[in-house]
2 protein chains.
Amino acid sequence: MANTNELYKKYGSTLNRCELFQGMDEKQWNDLLNHFHEEEWPRESCFINHQKFLFHFFIIVSGRVKMYNVDDFSEKEHTLFLLKKGDVFDLFCLLDGVQHQVYYECIDPLKVLAVPMDDLRDWLKKNPAYYQGFLSYAGKMMRMLEENVSQLIFTDISTRLLKLLLSNVDYSSNRLQHINDLPNKEIANLIGSTRAVVNRHLQKLKRNGSIKVSRNKVQIRDISILLKELNNQNKKL
Amino acid sequence: MANTNELYKKYGSTLNRCELFQGMDEKQWNDLLNHFHEEEWPRESCFINHQKFLFHFFIIVSGRVKMYNVDDFSEKEHTLFLLKKGDVFDLFCLLDGVQHQVYYECIDPLKVLAVPMDDLRDWLKKNPAYYQGFLSYAGKMMRMLEENVSQLIFTDISTRLLKLLLSNVDYSSNRLQHINDLPNKEIANLIGSTRAVVNRHLQKLKRNGSIKVSRNKVQIRDISILLKELNNQNKKL
DNA sequence: CATTATAAACTACCTAAGTAGCACAACAGA
DNA sequence: TCTGTTGTGCTACTTAGGTAGTTTATAATG
């Protein structure tokens, strides 16, 4: 229990931002955290269809993981979600208890809180009031996936790239976050394209003065140009 | 109550195949069906971002509806789901209570059982044992959306068309079902392409003897050729 | 039966995106 | 400092898929 209190003290601010567990107070958190333990995974750890995720559920407290899948034939990668502090995984397994055919790789050294799936499910059964938070979160996830599908069908690569950039701007500092230190290849994986094509579009944005590019680094120079560019994309059709 | 019993008698076999409400017996169904009423919508009825779906939840007992969305700029359509007997909507709204920006159109004359969203949510709160079915179903839906994303990124139109056809074959009769009477345009909307391109690929399949095409009709001639074709697609890369 | 509407079939063309290959820069480790 | 590795920037080329427009077939309607 001392351990539990410690976890809440250490990570309370992160946990309270966690959408999946909305509206829980410290007492309730401590009750739940009883079943958790802390884990650290080094950078570049990679989990390929690992059983791990069928039996434990994780909350990220620091670092990034990409959840991606790989096409059997072309061996191309596609990053489904770039998970970060406050995100959880694997929700797919939690919901239906079926193994999720998907890969994980740590972009940074990762710290997670881990709980056995069954403990979490039991806790839910005993506290059915929290089912609603899980349902809402599932709904939100479905909307994100649906939005993803729409973008893939309706928009071209340069639009998808612009949207990716704009959706990762921290508007308090006007800085790019989460994806600012990724190589072109990883950016390509996020929008379903290839390094060469993404680079082609980044060059265009560099030339019009909206971004700055260097090795493993993309920085925002002028958001207004990006927004104008996105507007033009739409009008084009 | 007489009315309720009637609903179960009429549609029990459909309801029992409904994944969302797994493991319910007649008594429980009748308890739930108390809140339902029957509705009929004519063919080609169209609902555009209608509040209707925020306040009522529907189970289809006969006919097909497409859930689709439209790109604001290109005005292209994409059919997200072709819902049929035993399917429900709108799960997005049920889960998180937020309006779902999506269109509906009846392909056939439609019969649905309707229940006020809040009644269904109340029923769930009183019968928390059934939450698990809803979570599982949400998980399944997420997997479908994820699979959709993967297909869009990894595979070309001809592969997507082949998969669409093969996933709609009724293997007891070797006949195409659900999509067999759609015009090329609607098939295109299902895989995120255009009428002309879909037609191009259908012609190829017609020429190799795997399908038969006529006005508003696609029929399977030889599944083995389709399967072989799908195999070749994969090897191609 | 004639008229109209809708869908299918086909042709020609255009373009975005994928592909391959190479030179160069940045960085890490020995 | 040397060396191997990884990422960027660029050129040249190929191609699937989107686009536009026309003709032909099929069904529905009066």
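These numbers come from the heavy atoms of this one structure, side chains and all, not from hydrogens, waters or symmetry mates. Reminder, nothing fancy here: chain letters follow the sequence lines and each chain counts from 1.
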Are A:Q203 and D:dC10 close enough that a side-chain N or O sits under 4.0 Å from OP1 or OP2?
yes
Please state how far atom [atom1] in [X] lies from atom [atom2] in [N], giving the value in whole angstrom units.
X      : N      : atom1 : atom2 : result
A:I179 : D:dG7  : CD1   : P     : 17 Å
A:R43  : D:dT6  : CZ    : C1'   : 12 Å
A:N189 : C:dA17 : CG    : P     : 17 Å
B:L202 : C:dA9  : CG    : P     : 8 Å
B:D181 : C:dA8  : CG    : P     : 11 Å
A:H201 : D:dT8  : NE2   : C1'   : 16 Å
B:I191 : D:dG17 : CD1   : C1'   : 11 Å
A:L152 : C:dA17 : CG    : P     : 12 Å

More than 12 heavy atoms of other residues, nucleotides or ligands under 6.0 Å from NZ of B:K217: yes or no?
no
To the side chain of [X], which of [options] is closest?
X      : options               : answer
A:I157 : D:dG9, C:dG18, C:dA8  : C:dG18
B:R200 : D:dC10, C:dA9, D:dG18 : D:dG18
B:R195 : D:dG17, C:dA8, D:dT8  : C:dA8

What is the nucleic acid contact for A:N184, judged by heavy atoms within less than 4.0 Å: base, sugar-phosphate only, or nothing?
sugar-phosphate
Honestly, is B:K66 close enough over B:Y68, meaning NZ or CZ under 6.0 Å from the six-membered ring centre and within 45° of the axis?
yes
Please find out if less than 6.0 Å separates the ring center of A:F47 from that of A:Y103.
no
Quiz question: by atom type and distance under 3.5 Å, do the side chains of [X] and [Y] form a donor-acceptor pair?
X      : Y      : result
B:Y11  : B:E38  : yes
B:N184 : B:N199 : yes
B:H37  : B:E39  : yes
B:D90  : B:Y104 : yes

Which residues in residues 208-219 of chain A have a heavy atom closer than 4.0 Å to any atom of DNA chain C?
A:R215
